[in-house]
J.: 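There's a structure below that I have some questions on.
In what follows, every chain begins at residue 1, and chains take the letters A, B, ... in the order their sequences are listed.
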Amino acid sequence: MSETRKPFPFSEFEPKWQSRWESEKTFRTPNPGDEGFDASKPKYYVLDMFPYPSGAGLHVGHPEGYTATDIIGRYKRMNGFNVLHPMGYDSFGLPAEQYAIKTGQHPAVTTAANIGNFRRQLKSLGFAYDWEREIATTDPGYVRWTQWIFLQIYNSYFCEETNKAKPVSELEAKGWSREQIDAVRLAYVADTPVWWSPDLGTVLANEEVEEWKGKGHTVERRPLRQWMLRITKYAQRLIDELDTLDWPTGIKLLQKNWIGRSEGASVKFQISNFNSQVEVFTTRPDTLFGATYMVLAPEHPFVVEITTDENKEAVEGYKKACSSKSDLDRTDLNKDKSGVFTGAFAVNPVNKEEIPIWIADYVMMGYGTGAIMAVPGHDGRDYEFATKFDLPVVQVVQPKDESEWQGFTGQGTAVNSGFLDGLSTWDAKTKMIAWLMENEKGERKIQFKLRDWLFSRQRYWGEPFPITWKGGEHFALPDSDLPLLAPPLEDYKPSGSPEPILSKAKDWVELEDGAIRETNTMPQWAGSCWYYLRYCDPSNSERFISKEVEDYWTSEKPGMVDLYVGGTEHAVLHLLYARFWHKVLFDLGHVGTPEPFQRLVNQGLIMGEDGQKMSKSRGNVVNPDDVVSEYGADSLRLYEMFMGPLEQVKPWQMKGVEGVSRFLARVWRLSITDEGEISPKIRDEECTDKELIRVVHETIKKVGEDIEKLSFNTAISQMMICTNAFTQTETVSLKEFVSFLSVLNPFAPHLTEEIHERLCVKFGKEAILLSETDWPKYDEKALIRTVGELVVQVNGKLRDRILMALDAPEETAKELALASEKIKEYTDGKTIRKIIYIPGKIMNLVAN
RNA sequence: GGCGGCUUGGCGGAAUUGGUAGACGCGCUCGACUCAAAAUCGAGUUCCUUGUGAGUGUGGGUUCGAUUCCCACAGCCGCUACCA
């Protein structure tokens with residue numbers, strides 16, 4: 001028990017090959033102009049989502065995607081591509097800072113230690129990364145360009161005519177004032193209600209709130225001055241250009257829904273006895289005749305103004321209740337509608353009827369105009385509300401069938417709607433919008449759910465903004481001052497006030513000329529928005545990526561990266577933010593493609609052995625280090641690919657690792673004896689076994705095709721079939737065996753390299769026709785089967801298999817089938833009505 | 001509530017321009033080797049009432065033939081959530 005005997009000596013040869021690849025720079029990827037660059041080779045850029053280097057190290061989910069891309073990368077390399085397959089670290093982030101708060105240790109120290117551990121683990125898996133291109137988002141040389149790109153965004157505005165970002169210098173030239181320009185910058189400062197977490201000491205993006213609340217942190221709503229990025233200007237392009245990408249439809253849909261485009265109309269309602277109008281957005285202008293009341297969000301600016309004295313107390317009370325409610329889980333409050341009457345009325349523009357104005361928390365200030373026209377006859381929420389508060393419900397749409405109209409939200413025919421009566425929903429919408437425009441009561445409008453991106457944080461471990469303030473105005477730092485690094489702090493504890501932590505460093509903040517530095521920092525997303533660009537040219541100190549290099553690694557397709565593999569958790573945020581930055585850089589002429597990632601594949605989650613999500617608390621976490629030391633890196637790689645389809649959620653099974661390990665051991669024993677000699681079974685002679693040759697060629701073909709399809713599990717099963725065939729024959733010819741090794745190489749690179757090297761020593765390099773760096777070719781002729789089984793069915797049920805020439809004409813096949821005893825049993829006394837014959841596959845006799 | 005995905009042996013999964021359901025692996029059973037065990041090798045392994053039987057979540061449909069196509073339903077998972 002003390003010494004476990006390894007089925008093959010992976011612990012000897014795996015480190016050996018890893019250090020050889022490293023010292024020989026086997027997987028170095030040359031750029032144009034570099035030594036060894038070959039312009040005739042096509043390029044292939046395959047990218048992993050780089051990890052956040054947490055203290056816990058790699059988990060088994062990481063190698064799933066990384067092995068997949070490694071196989072593709074190695075395969076493309078064997079097929080003559082110049083492959084870019086890099087790795088790095090998304091190393092800014094809150095956990096390093098939380099750790100610093102606890103221990104006082106500078107986040108840079110823990111981050112460096114964690115990166116060291118990740119690097120060691122990644123190397124132990126034998127990935128063919130070009131380690132000279134390794135980057136971390138916290139490197140000063142990287143931060144510099146993250147800040148530079150921010151300044152590009154800061155110095156741009158969105159030109160509505162061209163639908164593109166342009167430098168604000170163009171506006172300066174046109175004589176725009178400083179104030180006017182600041183109002184259109186793609187990066188701007190705004191006082192907005194944000195989610196502030198006192199114990200984390202930072203604001204959080206909407207989309208981060210749930211995550212941190214789940215971890216027990218408190219979050220409250222408060223207005224703060226923040227940096228925002230004007231991503232909403234790109235909403236339409238971010239939707240439209242999805243169509244040009246090879247992404248899973250589910251992810252495209254997720255992004256589309258997130259951006260949330262709705263078509264409809266804005267409608268202006270006059271407020272009775274006031275000289276102001278309230279604008280609402282509706283997707284159903286055809287139901288305007290059914291609008292029997294109006295609802296404002298409690299935070300709507302008009303609420304105070306229009307509330308009558310007798311309703312003031314109730315309205316104030318309700319508003320107060322709502323603001324504290326925002327801290328609670330609102331979903332719990334969804335069930336019951338609540339609201340209060342303001343005492344004011346609005347005039348429905350189409351029928352001049354006075355309708356009451358209510359406030360209710362089912363209307364959100366953040367979407368549309370923060371006000372709605374309520375059509376309780378044809379909207380579920382409005383109906384619920386109207387029923388509760390006894391408001392009038394009017395039918396304005398007649399469903400096509402006889403179904404109940406109350407709460408009917410579908411398309412139908414307009415009724416009780418004046419000039420719309422009799423029109424279909426679609427026509428009624430068009431006509432109503434025309435009417436609204438004619439009467440200046442509204443217009444066609446497209447509304448997006450997407451908000452501008454809250455880009456600032458109050459934490460320490462992020463990129464500082466390259467911005468200074470003087471006299472209430474912000475200024476960009478000159479490029480020559482970049483990178484601007486955060487000063488070291490004694491104490492990282494949040495102060496409890498929303499003042500950014502960097503403001504503690506007075507010497508750093510206060511500049512000689514009376515200017516002060518911006519003390520906010522960028523969110524973690526900043527670094528991951530452009531890392532795929534930096535990999536191309538990681539040590540360039542002149543530019544974030546040189547034009548020539550960018551040009552080389554860019555494709556003719558809209559997306560720059562050929563294949564991007566990572567988890568679905570980034571389906572919306574990272575992928576949307578990166579697309580946005582890329583488009584800005586594209587508009588400004590810094591990159592040549594409109595999209596960053598052409599083909600996207602999401603690997604499925606690996607669950608624990610118990611079928612539950614892996615987590616420390618459940619105790620079902622599998623550590624890749626343990627698997628490597630017990631079964632070897634090749635086994636881990638192969639198992640992760642053999643578990644099932646890459647994109648599927650699947651449970652870990654340690655027995656399965658043993659299974660693939662046994663397979664690799666069989667390959668080893670096939671060629672190497674217990675004494676470490678080349679097995680006498682491997683012969684340097686022509687193979688005469690046609691069937692064996694067929695299996696080998698079938699394997700070359702299928703594995704290649706399966707790799708292209710990312711269908712690694714079936715590729716592995718084919719290689720197992722091939723190995724089983726080798727095992728069952730007396731001798732294995734060297735040529736066939738080496739072909740097989742080449743095909744297995746991208747999956748199990750250590751084992752195959754080791755066997756290959758030993759074969760070279762024994763037989764001499766000349767004896768081995770195929771080089772290990774070439775993907776073998778298969779012979780179509782060797783794949784053809786001439787004789788095989790024809791399946792014969794009677795009335796669609798399998799009754800016999802008959803060995804015959806697979807290209808036999810129907811007459812011959814029919815004779816053979818009818819001569820079969822088994823078939824006779826089923827056709828006796830019956831008439832054969834029809835024969836379906838598909839040569840080589842099936843014959844179906846229809847008889848009764 | 002909305003959107004998306006999934007459902008095949010004891011388990012992971014294979015097979016779709018409709019054509020042998022269960023490839024490959026795990027597990028299990030039996031055998032060989034061994035003093036014995038492990039490892040390894042070989043044979044078997046959808047189920048049952050063993051039949052001209054049933055069978056890919058359930059019910060229906062199209063077809064000579066359906067895991068694959070169509071309709072309805074159920075269950076599970078993920079995301080999103082009063083989006084007007």
J.: Under a 3.5 Å limit for both distances, which nucleotide forms a Watson-Crick or G-U wobble pair with rA72(B), could you say?
T.: rU58(B)
J.: Round to a whole Å and report the spacing from CG of Asp706(A) to P of rG13(B).
T.: 17 Å
J.: When you match Met365(A) and Glu825(A) each to their closest nucleotide on RNA chain B, which lands nearer the 5' end?
T.: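 By nearest-heavy-atom nucleotide position, the 5'-most residue is Glu825(A).
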J.: Check the chi torsion on rG42(B) and let me know: syn if it falls within 90° of 0, anti if not.
T.: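 Here the answer is anti: the torsion falls beyond 90° from 0.
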J.: rA54(B), OP1 or OP2 - any side-chain N/O from Lys797(A) closer than 4.0 Å?
T.: yes
J.: If we take the P atom in both rG1(B) and rC64(B), what is their distance in whole Å?
T.: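 To the nearest whole Å, 41 Å.
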J.: Give me the distance, rounded to whole Å, that separates rC28(B) from rU63(B) when you measure between the P atoms they each carry.
T.: 48 Å
J.: Which is true for Asp382(A) with a 4.0 Å heavy-atom rule: it touches a base, it touches only sugar-phosphate, or it touches nothing?
T.: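 Result for Asp382(A) = nothing.
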J.: Taking atom C1' in both rU45(B) and rA21(B), compute the distance separating them and give it to the nearest angstrom.
T.: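 Straight-line distance between the two C1' atoms is 16 Å.
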J.: Nearest-Å distance, CZ (Phe385(A)) to C1' (rC82(B))?
T.: 12 Å
J.: Are Arg669(A) and rC41(B) close enough that a side-chain N or O sits under 4.0 Å from OP1 or OP2?
T.: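 So the side-chain polar atoms of Arg669(A) do come within 4.0 Å of the phosphate oxygens OP1 or OP2 of rC41(B), strictly under.
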J.: For Lys822(A), is there an ion pair with Glu825(A) - N to carboxylate O distance below 4.0 angstrom?
T.: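 Salt bridge between Glu825(A) and Lys822(A), a charged N being under 4.0 Å from a carboxylate O: no.
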J.: Between Asp382(A) and Lys337(A), is there a salt bridge with N-O shorter than 4.0 Å?
T.: no
J.: Under a 3.5 Å cut-off for both contacts, is rG4(B) paired Watson-Crick or G-U wobble with anything, and if yes, with which nucleotide?
T.: rC77(B)
J.: If you only use heavy atoms from C-beta on, which nucleotide in rA84(B), rU52(B), rG27(B) is closest to the side chain of Tyr826(A)?
T.: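 Per side-chain heavy atoms of Tyr826(A), the pick is rU52(B).
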J.: Classify the ring geometry between His570(A) and His574(A) as parallel (under 30°), tilted (30 to 60°) or perpendicular (over 60°).
T.: perpendicular
J.: Nearest-Å distance, CG (Asp286(A)) to C1' (rA84(B))?
T.: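 Answer to the nearest Å: 13 Å.
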J.: So that I can tick it off, tell me whether Glu64(A) and Lys650(A) are bridged by a salt bridge, with the cut-off set at under 4.0 angstrom between side-chain N and carboxylate O.
T.: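 Result for this pair is yes, salt bridge flagged.
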J.: Heavy atoms only, 4.0 Å cut-off, all strands: where does Val280(A) land among base, sugar-phosphate and nothing?
T.: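 Contact class for Val280(A): none.
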J.: Establish, with yes or no, whether the OP1 or OP2 oxygen of rG65(B) is under 4.0 angstrom from a side-chain nitrogen or oxygen of Arg799(A).
T.: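 It does not, given that no N or O in the side chain of Arg799(A) lies less than 4.0 Å from OP1 or OP2 of rG65(B).
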J.: Does Glu443(A) pair with Lys445(A) as a salt bridge, N-O distance under 4.0 Å?
T.: no
J.: Would you kindly give the CZ-to-P distance between Phe8(A) and rA39(B), to the nearest whole Å?
T.: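 Whole-Å distance recorded here is 16 Å.
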J.: Would you mind pulling out the nucleotide paired to rU17(B), Watson-Crick or G-U wobble, both distances under 3.5 Å?
T.: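 Paired with rU17(B), as far as the under-3.5 Å criterion goes, is no nucleotide at all.
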J.: Have a look at Arg662(A) and say if it touches a base, only the backbone sugar-phosphate, or nothing, with a 4.0 Å heavy-atom cut-off.
T.: sugar-phosphate
J.: Please work out whether the ring planes of Phe712(A) and Phe747(A) are parallel, tilted or perpendicular, with thresholds of 30° and 60°.
T.: perpendicular
J.: What is the separation between atom CE on Met720(A) and atom C1' on rA14(B), rounded to the nearest whole Å?
T.: 13 Å
J.: Among rC11(B), rC79(B), rC82(B), which nucleotide has an atom closest to any side-chain atom of Gln653(A)?
T.: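 Out of rC11(B), rC79(B), rC82(B), the nucleotide with an atom closest to Gln653(A)'s side chain is rC11(B).
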J.: Using the P atoms only, state how far rU17(B) lies from rC11(B), rounded to an integer number of Å.
T.: 28 Å
J.: Using the C1' atoms only, state how far rU16(B) lies from rC82(B), rounded to an integer number of Å.
T.: 41 Å
J.: Report the relative orientation of the aromatic rings in His378(A) and Trp405(A); use parallel for angles under 30°, tilted for 30 to 60°, perpendicular for over 60°.
T.: tilted
J.: Specify the residue among Gly644(A) and Leu254(A) whose closest nucleotide of RNA chain B lies further upstream toward the 5′ end.
T.: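 Result: Gly644(A).
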J.: Taking the P atom of each, how far is rG44(B) from rA23(B), in whole Å?
T.: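 So the two P atoms sit 12 Å from each other.
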J.: Should the pair Lys709(A)-Glu705(A) be classified as a salt bridge under the 4.0 Å nitrogen-to-oxygen rule?
T.: no
J.: Send over the distance from Glu658(A) CD to rC28(B) P, rounded to a whole Å.
T.: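 Rounded to the whole Å, the gap is 11 Å.
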J.: Whole angstrom is fine here: how far is it from NZ in Lys252(A) over to P in rG5(B)?
T.: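 After rounding, the gap between these two atoms is 14 Å.
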J.: Assess Arg579(A) against Trp247(A): is NZ or CZ under 6.0 Å from the centre of the six-membered ring, and within 45 degrees of the ring's axis?
T.: yes
J.: Are there any protein N/O atoms within less than 3.5 Å of an N/O atom in nucleotides 16-23 of chain B, and if so, which ones and at what distance?
T.:
residue: rU20(B); atom: O2; partner: Arg801(A); partner atom: NH1; Å: 2.1

J.: Does rU40(B) have OP1 or OP2 sitting under 4.0 Å from an N or O in the side chain of Arg666(A)?
T.: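 For rU40(B), neither OP1 nor OP2 has a side-chain N or O of Arg666(A) closer than 4.0 Å.
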J.: Across the strands shown, which category fits Ser262(A) at heavy-atom distances under 4.0 angstrom: base, sugar-phosphate, nothing?
T.: sugar-phosphate
J.: Compare the minimum distances between each of rA84(B), rU52(B), rG13(B) and the side chain of Gln648(A), then state the nucleotide with the smallest one.
T.: rG13(B)
J.: Watson-Crick or G-U wobble partner for rC47(B), using a 3.5 Å limit on both distances?
T.: rG53(B)
J.: Which base sits across from rG10(B) as a Watson-Crick or G-U pair, both distances under 3.5 Å?
T.: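 With both distances under 3.5 Å, rG10(B) matches rC26(B).
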J.: Taking the minimum atom-to-atom distance to the side chain of Lys834(A), which one of rG25(B), rC64(B), rA14(B) wins?
T.: rC64(B)
J.: Can you check the Trp358(A) CH2 to rC82(B) C1' distance for me, whole Å?
T.: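 The distance from CH2 of Trp358(A) to C1' of rC82(B) comes to 17 Å, rounded to the nearest Å.
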J.: Hey, what's the ring geometry for Phe740(A) with Phe726(A), parallel, tilted or perpendicular (30° and 60° as the breaks)?
T.: perpendicular
J.: When we call it a touch if two heavy atoms are under 4.0 Å apart, what does Gly260(A) touch: a base, just sugar-phosphate, or nothing?
T.: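 No contact at all - Gly260(A) keeps every heavy atom at 4.0 Å or more from the nucleic acid.
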J.: Is Arg694(A) salt-bridged to Glu691(A), going by a charged N under 4.0 Å from an acidic O?
T.: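 Salt bridge: yes.
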J.: Just compare rC26(B), rC82(B), rG13(B) and give me whichever is closest to any side-chain atom of Lys655(A).
T.: rC26(B)
J.: What interatomic distance, in whole Å, is found between P of rU50(B) and the corresponding atom of rA54(B)?
T.: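 rA54(B) and rU50(B) have their P atoms separated by 14 Å.
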J.: Could you give the distance separating rG55(B) and rG60(B) at their P atoms, to the nearest angstrom?
T.: 11 Å
